[in-house]
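Each remark here refers to the structure printed beneath this line.
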2 protein chains.
Amino acid sequence: MGATAKHDEMPMSRAFAEAEGAGTRGEVPVGAALVRDGAVVGVAGTRVEAERDPTAHAEILVLRAAAARLGRRQLDDCDLYVTLEPCPMCAAAIGFARIRRLYFGAYDPKGGGVEHGPRIYDQPTCHHRPEIYGGIAERRAAALLQAFFRKRRS
Amino acid sequence: MGATAKHDEMPMSRAFAEAEGAGTRGEVPVGAALVRDGAVVGVAGTRVEAERDPTAHAEILVLRAAAARLGRRQLDDCDLYVTLEPCPMCAAAIGFARIRRLYFGAYDPKGGGVEHGPRIYDQPTCHHRPEIYGGIAERRAAALLQAFFRKRRS
């Protein structure tokens, strides 16, 4: 937990590209990539504004699309890469989808639900805890968010 | 909190009809109804199995549909009726959607995220807490779930 774990650079690069695309569209710049058998099988960036959907976070979109494509609601052979610590909604969804490993870029003390706030996977009512590798691209992810919120305030 | 609040019987009846329909389809029997200006503007039951979507809980479906129809991601003039205490994923989504009042049937000590587990709205990282009226149809909601799980085990 919190350790810089062995992970592929490529899926996180794809997640960052999605995050940057989301930021360009005026969305909170968060991106996600789903990996199965060593291959990226889905990517998404936030689409809350575009879809007028309060649940359209990158993680939810990539999980829903992959489950639909694979035809099953459990993705227990998949690993998820996200640029930011998932919020409580997404953390719980990741648990329901039985994701095997969760890699995320920056910790999010204000909105995260994995290592902050409700710490979803530490709850006795949580039925699945993925392996968690957080803070693996802390500076890049944090810089992306800071630039976005600085721009939005100006 | 936990008080039997003044609420309309009709939206909860619609939510129960959705829950029963979900149970008939082999889904966990939970239903939801969304109310705006005194009228039910959306209903849904669980569709996790039908859609192969781990996020297709009744609450998520009804929020997404209403936000799409109204063309906005915040539903701050809407009240949500659910047959069961929302899970952490749905509780967080309800917060993102800025739902005004949340009415739910039975408490869910094993999977609930409002009065149990992570208690989403009690977290300092939570930005919106609806008014909450829980346990307003405790016996009916509990009986529905018990019958479902008894049948599934047999």
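In the text below, chain A, chain B and the rest are named by the order of the sequence lines, each starting its count at 1.
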Exercise for the section: Establish whether B/Phe96 and B/Val82 are linked, either directly or via other cluster members, by ILVMFWY side-chain heavy-atom contacts under 4.5 Å. Expected result: no
Exercise for the section: Determine whether B/Ile94 and B/Val41 fall in the same hydrophobic cluster, where Ile, Leu, Val, Met, Phe, Trp and Tyr are linked whenever their side-chain heavy atoms lie under 4.5 Å apart. Expected result: yes
Completion exercise
Of A/Pro124, A/Gly117, A/Ala92, the largest count of non-hydrogen pairs under 4.5 angstrom with chain B goes to A/Gly117
Fill in the blank from the handout: From the list B/Gly112, B/Ala97, B/Gly71, the residue making the most non-hydrogen contacts under 4.5 Å with chain A is B/Gly71
Exercise for the section: Give, as side chain, backbone, both or neither, the part of B/Pro88 having an atom under 4.5 angstrom from any heavy atom of chain A. Expected result: both
Practice task
Could you state whether A/Val48 and A/Val43 fall into the same hydrophobic cluster, counting links through intermediate Ile, Leu, Val, Met, Phe, Trp or Tyr residues with side-chain heavy atoms under 4.5 angstrom apart?
Solution key: no
Under 3.5 Å, which donor-acceptor pairs link chain A and chain B? Put them in a table for me, please.
residue	atom	partner	partner atom	Å
A/Glu49	OE1	B/Arg73	NE	3.2
A/Glu49	OE2	B/Arg73	NE	2.8
A/Glu49	OE2	B/Arg73	NH2	3.0
A/Arg52	NE	B/Gly71	O	3.0
A/Asp53	OD2	B/Arg64	NE	2.8
A/Arg64	NE	B/Asp53	OD2	2.8
A/Gly71	O	B/Arg52	NE	2.9
A/Arg73	NE	B/Glu49	OE1	3.2
A/Arg73	NE	B/Glu49	OE2	2.8
A/Arg73	NH2	B/Glu49	OE2	3.1

Exercise for the section: Please check if A/Ile60 and A/Leu80 belong to a single hydrophobic cluster, counting links between Ile, Leu, Val, Met, Phe, Trp and Tyr side chain heavy atoms closer than 4.5 Å. Expected result: no
Exercise for the section: Using the rule that two of Ile, Leu, Val, Met, Phe, Trp, Tyr join whenever any of their side-chain heavy atoms come within less than 4.5 Å, decide whether A/Met89 and A/Phe104 are in one cluster. Expected result: no
Problem - Part of B/Cys87 within contact of chain A (heavy atom distance under 4.5 Å) - result: side chain
